[in-house]
Amino acid sequence: MVKSDAQCNVKCLLLPGRCVAGNTISERLIKIMIDQKYLRQDIAHTAERLKRRGFDLDAETYTALDEKRKALQIKTQDLQNERNVRSKSIGKAKAAGEDIQPLLAQVSDLGEQLDAAKAELNELLQTLNAFCLDIPNIPDDSVPVGKDENDNVEISRWGEPRQFDFDVKDHVDVAERINGVDFEQAAKLTGSRFVVMRGQVARMHRALAQFMLDTHTSQYGYTEMYVPYLVNADSMYGTGQFPKFKEDAFHTEPATEEGQGLSLIPTAEVPLTNLARGEIFSADELPIKMTAHTPCFRSEAGSYGRDTRGLIRQHQFEKVELVQLVKPEQSFEALEELTGHAESILQMLELPYRKMLLCSGDMGFGSAKTYDLEVWLPAQNTYREISSCSNMLDFQARRMQARFRNPETNKPELLHTLNGSGLAVGRTLVAILENNQQADGSVTVPTVLQPYMGGIKVLSA
RNA sequence: GGAGAGGUGGCAGAGUCCGGUUGAAUGCACCUGACUUGAAAUCAGGCGAAGGGUCAAACCUUCCGGGGGUUCGAAUCCCUCCCUCUCCGCCA
């Protein structure tokens, strides 16, 4: 139904010349201007809402900085104007063959004043920018106020956890019994939190990603994308990983002394969403729905000792990501849709899950509203996160300057971005291994996956 | 990796050697109006972004790949980084 749109989107995204070269400082100076406008509207209310997620906005500092900025900006612009006017008159005088010397004398000290004002303004802008980049997104009013995952609200459940008449093994035991994983080899090659998969398990891992991609493209109108796994700093700023969460990602060494290193993507959300960076879409190009299957790399700083066994928490894992770029008024509807797309994968794989609405304190930095899908893991006797679907509103769009032209005003306006896992492939594999295990150690292959595995119905040693 | 060419508005494409009223000729696209039964064609006008400012305007500042420098003044000169293209080499 959206096929033609999807095709158009690819074309638009891939049009040569639309890619904006990575800008650094000047681009960020613009960003903060907008952040300020945003904050200024109602700073007390903003602070109150940010508090719900445990963030203390220092409104006084902000207001003081902003007022200072305003004064400095006006001063600087006045000086620039004066310089421009005088320079022009010098040009005229010179063209008329008049003596320029007296005019030059008049401007002699202007340059210094201007330089000083500019430097001061610049410094302030950097401060303000840093201040604004650390502010998380504002939770939507529909988000329950809470501190941590214990305050998340269960929205729904799907499927019945299976009753086992034998001792349930965890996915590591299940996979090892059919010779499908080898963590020791991975540790030899690289270190902890990596895995080597082999044979039918490796194949099922691949099949899962293929199945997910095919479903999202053929059923839900997403355009399949192939994207870089290494991105520059601007991309990481754009989606909100930088500056606050730099430690969570892996980075390459800078290529040159001054050059910035690249970062391994922690999720395909980064490259997919940043496709919109610096772009102005026409209204009829939206919504843009993209999906990609990529590896994801996370340093897992701060999670030492958590989920050390098995595939749950790896430094490298695969994910099929869903990203949507939509008009502002459509984003909440789009979040429901996108979450539904991820849910449908679990349903087709017949994996019991529940849908959680994250509370204000448990949401990601850039999200205004997030649903987590948690799949049932019998060995852990609990539900574990397998997908996280978020409406970022214009949070990322603001950082990226991702806009569309509103036909009503004919002006560029920030669009809204959404993303969700559809699904995390490694954890889906875990869920199948655990939920579909048999007493004899074999694992049944979900029906929808069988065509992707040459008709194999059971994984066995 | 070696050699060369180039990065200008939605697109195409001048300007850059010899810096000055150039946010930027021209063409296309687009919008409005006139003409027309309607359309095409033609004619007239408009048509980048961000920030400041204003009730709204006027108006001001900034932006010709990024950063820095020279200058009263830089799209134009200098340095540097990034990217693109062509040829050679190498390679999946």
Side-chain angles (χ1 to χ4, degrees), chain A residues 8 11-40 66-115 117-122 124-126 128-129 132 226 228 230-235 237 254-262 277-285 394 397-415:
Chain A
C8 162
K11 195 178 146 205
C12 298
L13 282 167
L14 299 183
L15 274 179
R18 289 193 71 164
C19 288
V20 173
N23 297 335
T24 49
I25 292 176
S26 67
E27 194 176 75
R28 278 189 214 129
L29 292 185
I30 290 169
K31 276 181 202 156
I32 76 150
M33 298 294 191
I34 300 151
D35 271 330
Q36 289 175 319
K37 198 179 196 176
Y38 177 60
L39 279 178
R40 251 178 290 171
D66 184 47
E67 278 170 11
K68 197 173 169 192
R69 183 223 101 233
K70 200 164 175 176
L72 261 174
Q73 187 170 343
I74 290 171
K75 180 184 169 191
T76 306
Q77 293 191 352
D78 282 348
L79 284 168
Q80 279 174 325
N81 178 232
E82 194 176 338
R83 182 204 62 190
N84 290 347
V85 169
R86 296 206 181 180
S87 291
K88 278 187 184 177
S89 68
I90 290 174
K92 278 186 193 168
K94 197 176 177 185
E98 293 167 17
D99 184 16
I100 299 174
Q101 282 311 317
L103 288 171
L104 284 180
Q106 281 178 24
V107 253
S108 59
D109 62 328
L110 212 85
E112 279 178 27
Q113 286 184 47
L114 184 58
D115 283 346
K118 268 187 184 170
E120 202 180 344
L121 178 62
N122 236 301
L124 189 65
L125 287 178
Q126 301 282 5
L128 256 176
N129 194 24
C132 291
Y226 175 84
L230 284 162
V231 297
N232 59 31
D234 282 334
S235 293
Y237 274 104
T256 63
E257 279 182 21
E258 306 211 336
Q260 296 175 319
L262 298 172
R277 195 171 82 230
E279 303 291 340
I280 301 175
F281 297 97
S282 68
D284 58 16
E285 284 176 286
D394 59 8
R398 174 173 297 107
R399 291 173 163 239
M400 296 190 301
Q401 285 300 293
R403 294 166 292 174
F404 76 105
R405 196 172 292 279
N406 187 334
E408 289 172 21
T409 59
N410 206 32
K411 290 287 176 192
E413 292 178 14
L414 295 172
L415 48 77

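Proteins get letters first, then strands, A, B, ... in listed order; numbering begins at 1 in each. Everything numeric in this text was worked out from a predicted model, so none of it was measured.
Taking CG from N81(A) and CZ from R86(A), the interatomic distance works out to 10.5 Å, rounded to the nearest 0.5 Å. Note that OG of S235(A) and CG of L230(A) are 11.0 Å apart. Values are rounded to the nearest 0.5 Å. The CG atom of L114(A) sits 10.5 Å away from the CG atom of L121(A) when rounded to the nearest 0.5 Å. Atom CG of D78(A) and atom CD of Q113(A) lie 11.5 Å apart (nearest 0.5 Å). K92(A) NZ to S87(A) OG: the interatomic distance, rounded to the nearest 0.5 Å, is 12.5 Å.
Taking atom P on both G7(B) and A14(B), the two are 9 Å apart, rounded to the nearest angstrom. For the P atoms, the distance linking C11(B) with C30(B) amounts to 15 Å, nearest Å. For the C1' atoms, the distance linking A25(B) with U76(B) amounts to 16 Å, nearest Å. Of the C1' atoms belonging to A75(B) and G66(B), the separation is 15 Å, rounded to the nearest Å. The gap from the P atom of G6(B) to that of C78(B) amounts to 13 Å, rounded to the nearest Å. Spacing between A58(B) and G53(B) at atom C1', rounded to whole Å, works out to 10 Å. Between G4(B) and C81(B), the two P atoms lie 16 Å apart (nearest whole Å). Separating the C1' atom of U16(B) from that of A5(B) is a span of 16 Å, rounded to the nearest Å.
The residue among K92(A) and T76(A) whose nearest nucleotide of RNA chain B lies closer to the 5′ end is K92(A).
Across all their heavy atoms, L72(A) and A117(A) have their closest contact at CD2-O, 4.3 Å. Across all non-hydrogen atoms, the minimal contact from L415(A) to R403(A) is CD2-O, 3.8 Å. The two atoms that bring L124(A) and K68(A) nearest to each other are CD2-C, 3.6 Å, heavy atoms only. Shown here for A397(A) and L414(A), the closest heavy-atom pair between the two residues is O-CD2, 3.6 Å.
The separation between K75(A) atom NZ and G51(B) atom P is 24 Å, rounded to whole Å. Distance, L121(A) CG to A50(B) P: 19 Å, rounded to whole Å. Distance NZ (K118(A)) to P (G67(B)): 12 Å, rounded to an integer number of Å. Distance R398(A) CZ to A49(B) P: 19 Å, rounded to the nearest Å. Per the geometry, CD belonging to E413(A) stands 17 Å off P belonging to G48(B), to the nearest Å. Counting to the nearest Å, the P atom of G51(B) and the CG atom of L124(A) are 17 Å from each other. The CG-P distance, from L125(A) to U62(B), rounds to 15 Å in whole Å. Rounded to an integer number of Å, the gap from K70(A) NZ to G52(B) C1' is 8 Å.
Taking side-chain N and O atoms only, R405(A) has a distance below 4.0 Å to OP1 or OP2 of A49(B). A close approach under 4.0 Å does occur between a side-chain nitrogen or oxygen of R403(A) and OP1 or OP2 of A50(B). Put simply, N81(A) has no side-chain N or O that comes within less than 4.0 Å of OP1 or OP2 on C60(B).
For Q77(A), counting side-chain heavy atoms from C-beta on, the closest listed nucleotide (A49(B), G52(B), U62(B)) is G52(B).
The backbone N or O of S282(A) lies less than 3.5 Å from no partner atom in the side chain of R405(A), so there is not a single donor-acceptor pair.
Remark: K118(A) does not engage D115(A) in a salt bridge, criterion side-chain N to carboxylate O under 4.0 Å.
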Would you tabulate the nitrogen or oxygen pairs shorter than 3.5 Å linking the protein to nucleotides 72-74 of chain B?
| residue | atom | partner | partner atom | Å |
| --- | --- | --- | --- | --- |
| C72(B) | O2' | S87(A) | OG | 3.0 |
| G73(B) | O4' | S87(A) | OG | 3.0 |

Self-check item: Under the 3.5 Å Watson-Crick or G-U criterion, the dot-bracket string of RNA chain B, with | for inter-strand pairs
Solution: ((((((((.[[[..)....(.....]]].(((((.......))))).(((((......))))).[[[[[..)....]]]]])))))))....
